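Treat the numbers as computed from the prediction; the structure is a model and nothing was measured.
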Amino acid sequence: MNPSKRTKYRRPKHTRIGASAVEFAVVAPVFFLFLLGIVDVSRLIMAQTVLINASREASRVAIVQGSTSAEIEETAVKFAEAGLVNGVTVDVSVTQSTVSDNEFVTVTLSVPFSQVSWSGMLLGFGDHHVTGATTMRREIY
């Protein structure tokens, strides 16, 4: 048989029409759910970082002699709102140290994950809370 007369077998092009649309329909929901999960986990990490920094700033206000709980709460809420985290709950606790006469001040901030999530409760994190806490020693002279 002459090699120049040999023809390669090719499928007709009409048998593949619509295959890419079907593949996209199968893969797209999984891809977009994965992408939405990445965005929500990123927002969770961002919110926790903002709350930790806000609790640190509020603790710095709390260790100053003569500070009030209203000043501490205002500092924490302003710092959190500057980081785009709204609806923050502030808890300030002062405990006596058993080692010395200095007091330890703990500022804990908490926000429901549904407040910082863009997808709401789609991924199942809706009832969780994002928290940030800092403990500093109040040194009274």
Side-chain angles (χ1 to χ4, degrees), residues 1 3-141:
M1 184 171 193
S4 63
K5 291 187 176 184
R6 187 181 302 171
T7 59
K8 292 184 180 180
Y9 175 74
R10 294 185 186 185
R11 288 186 181 176
K13 290 185 178 181
H14 61 38
T15 61
R16 298 278 303 162
I17 294 176
S20 61
V22 172
E23 291 170 0
F24 180 76
V26 170
V27 173
V30 175
F31 173 72
F32 288 120
L33 186 64
F34 182 70
L35 191 64
L36 189 62
I38 290 173
V39 169
D40 262 359
V41 169
S42 299
R43 294 275 303 167
L44 172 89
I45 293 169
M46 184 268 314
Q48 186 173 21
T49 303
V50 167
L51 291 180
I52 289 170
N53 288 334
S55 69
R56 186 177 301 123
E57 291 298 319
S59 292
R60 292 179 68 192
V61 171
I63 63 172
V64 174
Q65 190 172 4
S67 62
T68 64
S69 61
E71 292 173 340
I72 298 166
E73 185 173 338
E74 180 183 357
T75 302
V77 169
K78 279 186 179 180
F79 198 89
E81 287 177 352
L84 303 176
V85 178
N86 298 322
V88 174
T89 303
V90 181
D91 179 37
V92 180
S93 64
V94 179
T95 58
Q96 288 289 338
S97 170
T98 57
V99 177
S100 65
D101 293 334
N102 298 329
E103 297 174 331
F104 287 97
V105 177
T106 302
V107 177
T108 305
L109 304 178
S110 177
V111 66
F113 181 68
S114 60
Q115 291 286 107
V116 295
S117 172
W118 285 349
S119 68
M121 291 183 243
L122 182 66
L123 299 177
F125 293 124
D127 58 346
H128 291 4
H129 282 73
V130 183
T131 59
T134 302
T135 302
M136 290 188 180
R137 184 184 352 209
R138 179 184 279 180
E139 297 178 358
I140 301 174
Y141 298 105

(message) To the closest 0.5 Å, what do you measure between CZ (Arg138) and OG (Ser59)?
(response) 10.5 Å
Atom pairs and distances, donor-acceptor, side-chain atoms in residues 73-91, under 3.5 Å, two or more places apart:
residue : atom : partner : partner atom : Å
Glu74   : OE2  : Lys78   : NZ           : 3.1
Thr75   : OG1  : Glu71   : O            : 2.9

(request) For Thr68, enumerate each residue passing the side-chain hydrogen bond (donor to acceptor under 3.5 Å, both in side chains) test, keeping only those at least two apart in sequence or located in another chain. (result) none
(message) If I compare all heavy atoms of Gln115 with all of Val111, which pair ends up nearest, and what's the gap?
(response) CB-CG2, 3.7 Å
(request) Carefully, step by step, assess Ser93 and Thr108 under the rule side chain to side chain contact (heavy atoms under 4.5 Å, CB included). (result) CA-CA 8 Å; Ser93 64; Thr108 305; 5.9 Å; no
(request) Among Thr131, Thr134, Thr135, find the residue that satisfies the side-chain hydrogen bond (donor to acceptor under 3.5 Å, both in side chains) test when tested with Ser55. (result) Thr134
Under 3.5 Å, which donor-acceptor pairs link side chains of residues 42-53 to any protein atom two or more places apart or in another chain?
residue : atom : partner : partner atom : Å
Ser42   : OG   : Ile38   : O            : 2.8
Arg43   : NE   : Val116  : O            : 2.8
Arg43   : NH2  : Val116  : O            : 3.0
Thr49   : OG1  : Ile45   : O            : 2.9
Asn53   : OD1  : Arg56   : NH1          : 2.8
Asn53   : ND2  : Thr49   : O            : 3.4

